[in-house]
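See structure below.
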Amino acid sequence: MPLKILLNGCAGRMGQAIAAVAQDSDCEIFASCDAGDDPSAAIADCDVVVEFSMHKVTPAIVKLAAEHGKPVVIGTTGHSSEEREAILAHTKTIPIVWAGNYSIGVNVLFWLTRKAAEILGPDYNPEIIEMHHRHKLDAPSGTAERLIEVVRDGRKIGQERISHGREGIVGVRQKNEIGVHALRGGSVVGEHEVIFAGEGERVSLSHSAGDRKIFALGALRAAHWSKGKTPGLYRMEDVLGLV
Ligand SMILES: NC(=O)C1=CN([C@@H]2O[C@H](COP(=O)(O)OP(=O)(O)OC[C@H]3O[C@@H](n4cnc5c(N)ncnc54)[C@H](OP(=O)(O)O)[C@@H]3O)[C@@H](O)[C@H]2O)C=CC1
Ligand SMILES: O=C(O)C1=N[C@H](C(=O)O)C[C@H](O)C1
């Protein structure tokens with residue numbers, strides 16, 4: 001029996017990419033919802049909610065899923081801290097898989113970045129660069145936000161200061177800085193690079209997405225994985241067994 005998916009944000013770039021790979025991923029798009037649609041009629045009979053719409057929409061769809069005991073896979077990025085808190089409250093009731101990037105490659109990049117940060121330590125200066133298409137609403141990307149967390153975890157120096165872009169007389173770079181730079185333009189699907197710059201050498205780790213299919217396949221893999229899980233917050237790294 002295919003997994004019955006309620007897909008929120010179905011008309012968007014990711015919604016269409018997910019619908020295109022659903023059948024091959026043993027999923028049925030049981031209900032397709034976009035702006036103006038009411039998901040409440042379909043939710044009782046779906047297996048999992050897959051949410052790729054807009055940051056302000058996520059809390060309400062997660063609340064609805066929690067009321068019906070349905071797992072949610074969240075791909076949407078750019079949430080405010082209030083929106084994050086509202087979503088996290090429901091991890092007591094349902095399993096929520098929440099990842100800024102569902103590609104296998106980026107989740108391996110997270111693992112490699114943590115390892116590099118651990119090994120290289122505080123003498124190597126981390127800088128994160130991301131580039132996305134001109135339609136993207138949020139910056140930095142959800143993936144870059146996770147890379148910041150991973151670099152922090154790995155370096156263990158605490159008190160990191162995030163420098164978003166740099167302009168003017170910014171002064172000498174501090175050891176506790178993590179630089180983050182968001183580039184936007186054209187149709188770029190998603191590029192991420194982490195640089196650790198040391199004295200006389202530089203380590204660079206990067207991922208390049210050429211097709212949204214990689215995110216779509218990962219999200220549906222997470223949807224299968226989420227069914228029957230105990231309530232809680234999970235990442236794609238849990239789905240892939242990378243933690
Ligand atoms: N985690 C991951 O692996 C990935 C995450 N993303 C994230 O996913 C999100 C969507 O990206 P993308 O598909 O490119 O964006 P799009 O703008 O192409 O799609 C978003 C869709 O959501 C719709 N929408 C707006 N309001 C609602 C609502 N109330 N209920 C249901 N649908 C609604 C939009 O409709 P309308 O246009 O009419 O407003 C649009 O069709 C972004 O946050 C992006 O960062 C993207 C790629 C991978
Ligand atoms: O909006 C996008 O397109 C993407 N968003 C995600 C993010 O914010 O990291 C993942 C991917 O890079 C594409």
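Start at 1 and go down the list; that is how both ligands and their atoms are numbered. The structure displayed is predicted, hence computed values, not measured ones. In what follows, every heavy atom counts, from backbone to side chain, and hydrogens, waters and symmetry copies are set aside.
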With no hydrogens and no angle check, do the side chains of His192 and Ser206 hold a donor and an acceptor under 3.5 Å apart?
no

Taking only heavy atoms of the protein into account, state which residues are under 4.0 angstrom from an atom of ligand 1, in chain and number order.
Asn8, Gly9, Ala11, Gly12, Arg13, Met14, Asp34, Ala35, Phe52, Ser53, Val57, Gly75, Thr76, Thr77, Ala99, Gly100, Asn101, Tyr102, Lys136, Asp138, Phe215

Any N/O pair Gly142/ligand 2 closer than 3.5 Å:
yes

Side chains of Thr143 and Glu145: any donor to acceptor distance under 3.5 Å?
no

In this structure, atom 9 (O) of ligand 2 is nearest to the protein heavy atom Thr143 OG1, 2.5 Å

Would you say the side chains of Glu199 and Tyr124 form a donor-acceptor pair under 3.5 Å?
no

Applying a 4.0 Å heavy-atom criterion (strictly less than), which segment of Arg13 is in contact with ligand 2: side chain, backbone, both, or neither?
neither

Please tell me whether His132 and Ser141 have a donor and an acceptor in their side chains that are separated by less than 3.5 angstrom.
no

Nearest-contact summary for atom 10 (C) of ligand 2 - protein heavy atom, Å
Gly100 O, 3.2 Å

I need the contact type for Val106 against ligand 2. Using non-hydrogen atoms and a strict under-4.0 Å cut-off, is it side chain, backbone, both or neither?
neither

Numbered in order shown, the ligand 2 atoms found under 4.0 Å of a heavy atom of Thr77 are 7 (C), 8 (O)

Check each heavy atom of Met14 against ligand 2 and say whether those closer than 4.0 Å belong to the side chain, the backbone, both or neither.
neither

Ion pair Glu118/Arg114, N-O distance below 4.0 Å:
no

With side chain to side chain donor-acceptor pair (under 3.5 Å) as the criterion, how do Glu83 and Ser81 come out once you've worked through the C-alpha distance, each side chain's angles and the decisive distance to 0.1 Å?
CA-CA 5 Å; Glu83 288 161 351; Ser81 46; over 6 Å; no

Crowded around Gln23 CD? As in, over 12 foreign heavy atoms under 6.0 Å?
no

May I have the step-by-step check of salt bridge (charged side-chain N to carboxylate O under 4.0 Å, His left out) for Glu149 and Arg152, ending in yes or no?
CA-CA 5 Å; Glu149 289 175 3; Arg152 273 192 167 130; over 6 Å; no

Any side chain to side chain donor-acceptor pair (under 3.5 Å) involving residues 158-172? Give me the pairs, sequence neighbours left out, ordered by first then second residue.
Glu127-Arg166, Ser163-Glu177, Arg166-Glu177

